[in-house]
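The structure appears right after this line, and notes come after that.
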Amino acid sequence: MTLLHAHDFGGDGPQLVVLHGFGRSLIDWDAAATLLAAGHRVLGVDLPGHGRSAGISPWTVPAVVRDIGDTLDAHGVSQAVVVGHSLGGLIAVEYARANPDRTRAAVNLDGFWWAPERPGAERISEGLPASAGVIVPPEYIEEQVANAAHLGIPADLARAAARGALRPLPDGKWQTLPERAAALEILDELHRIGALGVSSWLDGIDSPLLMVQAARQLPAAPGIEWFAEFNARFAQEVSDELTALSRSRETIDAVRLDATHLMNVEAPQAVAELVADYVRGLPG
C-alpha cells in the first residue's frame, strides 16, 4: 500500500478531492481550493512521483487509482467528487470507473490525449519525457513566474506552484518532476487511453461526469508554433465527441471554460464556481 502526499484545504460540506496535472503538484489548487472550501471539504493529493509523493514503478493508471483510494481511506474519505486537471482529469475519470460506489461524480478539467499515430503526436512524445527529471538553474523559478504573468497569474501563486512542482537540490538548483523513467511510463498510459478515442474511453462509466475543455489556447512557445494547429484540430474533435455524448448519455455534461489549459491556476474563481455549481446540481 502506498500513501500519497495529501493536503487538507479544510472547509465543510460535500467532499471534494482535487488532482493536478503532469509535472505539477497539488499547490496548483491553492487558490481554487481556498474558494471551494467555503462550501466544501477539500483534499488535495500529489500524484505519484509528483510534488511530495514518492514515485512508483511501473507508473500505471490502475496503480495510481489504488494509491489514491488508499490515501483517501487514510484520510477518512469514503465518497467524494473527484476533480482533476489535465493528467489528473484522466485519473479522476479512471478513479470513477474503478470506484463507482465511492465516486459521487468526476470532473475532468481539460484532461484529454490523442492517439499515438496521430500526425504530429510523435514530436510531442519526444518532448514530454525530455523535460522530465532534468536539472534546472535557480533562476528557473522566476522564469516560470514571468511566463505565468502573460496569463494574468499572480506572481506569488505562480512562484509557489513552480516551487511545488520541483525537487530542491543542495546547490540551489532544482530537479523537474516526474523523473524521466516515470514520464515514459505515463506517456505509455496516455497513449493507451488516447488510442481509444473519447467515446470509447468513457464507455462503461456510470458515475456522473463533467468534462471541461479550455476555450482558449496557450500562447505558442518559440519553436513549437506547429502545436497550436495540432491542438486546435484535436480540441475540436474532442468537442464534437463530447457534444454527442452529452446528448446521448444523461450522466455526461460537457462545457467549455473561458480559460487556457492552465485553468485551475489561471482562472481559479471560474473553476471554483463551475465545480460548485455542478456539485449543487448532483442528485443526493
Side-chain angles (χ1 to χ4, degrees), residues 6-21 24-47 68 71-72 75-96 99-112 151-154 157 160-161 202 205-216 239 242-243 245-246 249-284:
H7 175 72
D8 188 346
F9 288 99
D12 188 27
Q15 179 72 59
L16 303 181
V17 173
V18 294
L19 308 174
H20 59 82
R24 308 293 297 186
S25 82
L26 63 80
I27 292 177
D28 278 7
W29 280 99
D30 274 4
T34 298
L35 295 169
L36 284 165
H40 309 80
R41 185 74 175 178
V42 187
L43 182 74
V45 178
D46 277 333
L47 297 176
I68 291 172
T71 302
L72 298 191
H75 286 267
V77 177
S78 59
Q79 188 182 59
V81 176
V82 185
V83 185
H85 168 247
S86 196
L87 173 62
L90 282 97
I91 297 297
V93 170
E94 290 301 313
Y95 183 87
N99 300 280
D101 295 337
R102 301 186 59 174
T103 310
R104 191 175 172 204
V107 179
N108 177 354
L109 301 175
D110 216 34
F112 306 98
L151 297 174
I153 300 173
L157 177 58
L202 299 182
I205 300 177
D206 296 324
S207 300
L209 302 176
L210 176 61
M211 310 297 284
V212 184
Q213 279 189 283
R216 293 187 278 111
S239 179
L242 290 177
T243 297
L245 283 171
S246 66
R249 291 176 57 181
E250 62 180 14
T251 57
I252 296 179
D253 290 295
V255 301
R256 302 196 87 171
L257 187 68
D258 184 22
T260 71
H261 179 68
L262 296 175
M263 57 182 67
N264 57 332
V265 184
E266 174 195 350
Q269 183 167 348
V271 166
E273 290 175 354
L274 177 66
V275 172
D277 286 347
Y278 178 69
V279 173
R280 274 195 295 270
L282 290 172

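Shortest non-hydrogen contact noted between Ala214 and Arg256 is O-NH2, 3.6 Å. Of all non-hydrogen atoms in Phe112 and Leu90, the two that sit nearest each other are N-CD1, 3.8 Å. Taking every heavy atom of both residues into account, His20 and Leu47 meet most closely at NE2-N, 2.9 Å. Listed here is the closest heavy atom pair of Gly39 and Pro14: O-CD, 3.3 Å. The nearest pair of heavy atoms linking Leu43 to Ala6 is CD1-CB, 4.1 Å. Between Ala32 and Pro268, the shortest heavy-atom contact is N-CB, 3.6 Å.
Atom CD in Gln79 sits 7.5 Å away from atom OG1 in Thr103 (nearest 0.5 Å). The OG1 atom of Thr251 lies 9.0 Å from the CD1 atom of Ile205; values are rounded to the nearest 0.5 Å. Between atom CE of residue Met211 and atom CG of residue Leu242 there is a gap of 5.5 Å, rounded to the nearest 0.5 Å. For the atom pair CG of Leu109 and NE2 of His261, the computed distance is 9.5 Å after rounding to the nearest 0.5 Å. If you take CG on Leu19 and CG on Leu26, they are separated by 9.5 Å, rounding to the nearest 0.5 Å. Distance check: Leu16 CG to Trp29 CH2 gives 9.0 Å after rounding to the nearest 0.5 Å.
Side-chain contact check for Leu36 versus Phe9: every heavy-atom pair is 4.5 Å or farther apart. Looking only at side-chain heavy atoms (C-beta outward), Pro100 and Asp206 stay at 4.5 Å or farther from each other. Glu266 places a side-chain heavy atom less than 4.5 Å from the side chain of Arg216.
Checked by atom type and distance alone, the side chain of Arg102 pairs as donor or acceptor with a backbone atom of Val77 at under 3.5 Å.
Each of Ile27, Asp30, Asp28 was scored for a side-chain contact (heavy atoms from CB on, under 4.5 Å) with Val265, with one residue passing: Asp28. Checking each of Val17, Val42, Val18 against Val83 for a side-chain contact (heavy atoms from CB on, under 4.5 Å) leaves exactly one that passes, namely Val18.
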Could you pull out every donor-acceptor pair under 3.5 Å between side chains of residues 269-284 and any protein atom, sequence neighbours left out?
residue, atom, partner, partner atom, Å
Gln269, NE2, Glu273, OE2, 3.2
Asp277, OD1, Arg280, NH2, 2.0
Tyr278, OH, Leu209, N, 3.4

Under the criterion side chain to side chain contact (heavy atoms under 4.5 Å, CB included), I'd like the reasoning laid out for Val81 against His40: C-alpha separation, chi angles, the key distance, then a yes or no.
CA-CA 10 Å; Val81 176; His40 309 80; over 6 Å; no
Take Asp8 and Arg41 through the side chain to side chain contact (heavy atoms under 4.5 Å, CB included) test and state the conclusion after the steps.
CA-CA 8 Å; Asp8 188 346; Arg41 185 74 175 178; 2.6 Å; yes
Report the C-alpha separation of Met263 and Val212 in whole Å, then their side-chain angles, then the decisive distance to 0.1 Å, and conclude whether the side chain to side chain contact (heavy atoms under 4.5 Å, CB included) test is met.
CA-CA 10 Å; Met263 57 182 67; Val212 184; 4.1 Å; yes
